[in-house]
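Any value given below was found using the heavy atoms of this structure, including those in side chains, with hydrogens, waters and symmetry copies removed. Atoms within each ligand, like the ligands themselves, are counted from 1 in listed order.
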Amino acid sequence: MEEKKKLWQNNPGDIEGFGDSFVFSEEQKLDWNDDLFLITLPLAFRKPHLFPNLPLLLRESLEIYSLELEKLAKDIISQMENVLGIKSKEISKLFEDGLQSMSINYYPPCPQPEQVIGVTPHSDAVGLTILLQINQVDGLQVKKDGVWIPVKPLPNTFIVNIGDHRAIVNSAQERLSLATFLNTNIDCTIGPVNSLITQENPGLYKTQGSKDYIKGIFSRELDGKSYVDVMKL
Ligand SMILES: O=C(O)CCC(=O)C(=O)O
Ligand SMILES: [Fe+2]
């Protein structure tokens with residue numbers, strides 16, 4: 001508990017540290033988890049009261065993990081560009097010196113799991129998420145054609161997530177996951193990709209500064225609606 005207190009969120013509106021990222025009212029039902037959220041890259045964005053206070057082994061492991069996942073994310077994004085026929089590295093460029101953050105999620109067993117939710121339905125506010133289901137306990141579900149589908153944890157496997165998802169809990173086992181969020185550089189502009197827009201295929205979404213985009217996501221209540229819908233023109 002003492003260790004945890006050092007990492008507590010300490011200001012209203014703070015999303016880093018231990019706590020819940022989407023709290024809007026006292027009446028709101030909170031998620032059944034402990035979440036430690038940290039900005040990990042760029043290095044200058046690491047909060048001095050958080051990173052240095054992590055237990056040393058965890059901190060050293062996260063430092064290595066963070067750099068490796070940055071490389072992995074760049075590979076995945078560039079493969080996505082190739083497949084989609086996006087030219088001139090139009091998307092990769094946005095991820096140069098991108099914002100990387102992590103959620104370390106701990107879901108204790110719950111005596112009445114059907115009464116709670118581990119993580120409320122949402123889309124992550126990012127380019128892509130690379131998720132590690134640390135102790136390989138079921139819980140993650142993704143939405144496909146309006147139906148929640150369980151994502152079975154497999155050994156030594158990452159899940160790359162760009163869509164709507166939620167996590168449920170159970171009464172028997174705790175569950176641990178580590179989500180790494182890869183985002184664009186905070187000074188870029190996000191919008192329809194030029195090389196895919198034609199007269200027959202016009203852009204369907206708003207163009208917005210990256211900071212405003214992130215602010216928009218954290219300032220609204222998650223009601224199961226994905227942020228992509230909010231961005232529609
Ligand atoms: O624990 C999980 O599988 C999902 C966690 C999650 O959605 C998040 O941290 O954004
Ligand atoms: Fe998520």
Side-chain angles (χ1 to χ4, degrees), residues 4 7 9 14-24 28-41 50 54 58 62 65-66 69-70 72-73 76 98-110 113-114 116-144 147-184 213-231:
K4 253 184 174 177
L7 303 165
Q9 291 175 1
D14 224 358
I15 54 165
E16 282 191 79
F18 259 114
D20 209 309
S21 311
F22 294 101
V23 181
F24 297 91
Q28 185 185 330
K29 202 162 152 183
L30 296 179
D31 290 346
W32 192 268
N33 79 0
D34 262 354
D35 175 12
L36 174 60
F37 180 74
L38 300 163
I39 293 181
T40 43
L41 288 176
L50 291 177
L54 294 175
L58 174 62
L62 283 186
Y65 189 76
S66 155
L69 282 222
E70 190 190 26
L72 176 62
I76 296 172
L99 188 65
Q100 184 197 66
S101 53
M102 293 188 190
S103 259
I104 307 174
N105 297 298
Y106 173 69
Y107 307 91
C110 177
E114 61 294 334
V116 301
I117 186 92
V119 176
T120 203
H122 66 285
S123 282
D124 295 330
V126 296
L128 55 91
T129 301
I130 302 179
L131 181 83
L132 183 65
Q133 307 210 65
I134 298 173
N135 65 342
Q136 297 183 30
V137 171
D138 289 8
L140 176 69
Q141 300 183 330
V142 294
K143 205 174 202 179
K144 185 164 187 297
V147 180
W148 290 109
I149 316 271
V151 180
K152 281 248 162 262
L154 298 171
N156 304 316
T157 304
F158 285 127
I159 290 161
V160 178
N161 197 353
I162 54 168
D164 288 346
H165 57 283
R166 68 177 186 181
I168 58 166
V169 294
N170 69 79
S171 59
Q173 281 173 302
E174 62 185 19
R175 178 166 178 269
L176 281 145
S177 73
L178 168 54
T180 305
F181 307 110
L182 291 311
N183 224 333
T184 60
Y213 177 80
I214 295 171
K215 219 191 294 165
I217 287 172
F218 283 102
S219 64
R220 54 186 278 284
E221 213 162 325
L222 286 172
D223 50 7
K225 191 173 168 191
S226 69
Y227 198 59
V228 127
D229 291 332
V230 178
M231 290 290 284

*Can you list every salt bridge (Lys or Arg N to Asp or Glu O under 4.0 Å) pair that touches residues 148-163, not counting sequence neighbours?*
Asp138-Lys152

_Pairwise distance CZ(Phe158) to CG(Leu69) - rounded to 0.5 angstrom_ = 5.0 Å

*Hey, what do you get for CH2 (Trp32) to CD1 (Ile117), rounding to the nearest 0.5 Å?*
13.0 Å

Does ligand 1 have any N/O atom under 3.5 Å from a protein N/O, and what are those pairs and their distances?
from: ligand 1; atom 1: 1 (O); to: Tyr107; atom 2: OH; distance (Å): 2.5
from: ligand 1; atom 1: 1 (O); to: Arg175; atom 2: NH1; distance (Å): 3.1
from: ligand 1; atom 1: 1 (O); to: Ser177; atom 2: OG; distance (Å): 2.6
from: ligand 1; atom 1: 3 (O); to: Arg175; atom 2: NH1; distance (Å): 3.4
from: ligand 1; atom 1: 3 (O); to: Arg175; atom 2: NH2; distance (Å): 2.8
from: ligand 1; atom 1: 7 (O); to: His122; atom 2: NE2; distance (Å): 3.2
from: ligand 1; atom 1: 7 (O); to: His165; atom 2: NE2; distance (Å): 2.9
from: ligand 1; atom 1: 9 (O); to: Asn105; atom 2: ND2; distance (Å): 3.1
from: ligand 1; atom 1: 10 (O); to: His122; atom 2: NE2; distance (Å): 3.2
from: ligand 1; atom 1: 10 (O); to: Asp124; atom 2: OD1; distance (Å): 3.1

*Side-chain heavy atoms of Tyr65 within contact of Thr180, under 4.5 Å*: yes

_Tell me if a side-chain donor or acceptor on Asn105 pairs with a main-chain N or O of Asn33 at a distance below 3.5 Å._
no

*Sphere of radius 2.8 Å around the Fe ion (ligand 2) - protein N, O or S atoms inside*: His122 NE2, Asp124 OD1, His165 NE2

*Taking it one step at a time, do Arg175 and Gln133 satisfy side-chain contact (heavy atoms from CB on, under 4.5 Å)?*
CA-CA 8 Å; Arg175 178 166 178 269; Gln133 307 210 65; 2.6 Å; yes

*Rounded to the nearest 0.5 Å, what's the gap from CG on Leu178 to CG on Leu62? Could you check?*
7.0 Å

*asked:* Applying side-chain contact (heavy atoms from CB on, under 4.5 Å), can you list everything that pairs with Glu70, at least two apart in sequence or on another chain?
replied: Leu41, Leu67, Lys74, Gln100

*So, Asp31 versus Thr120: side-chain donor-acceptor pair below 3.5 Å or not?*
no

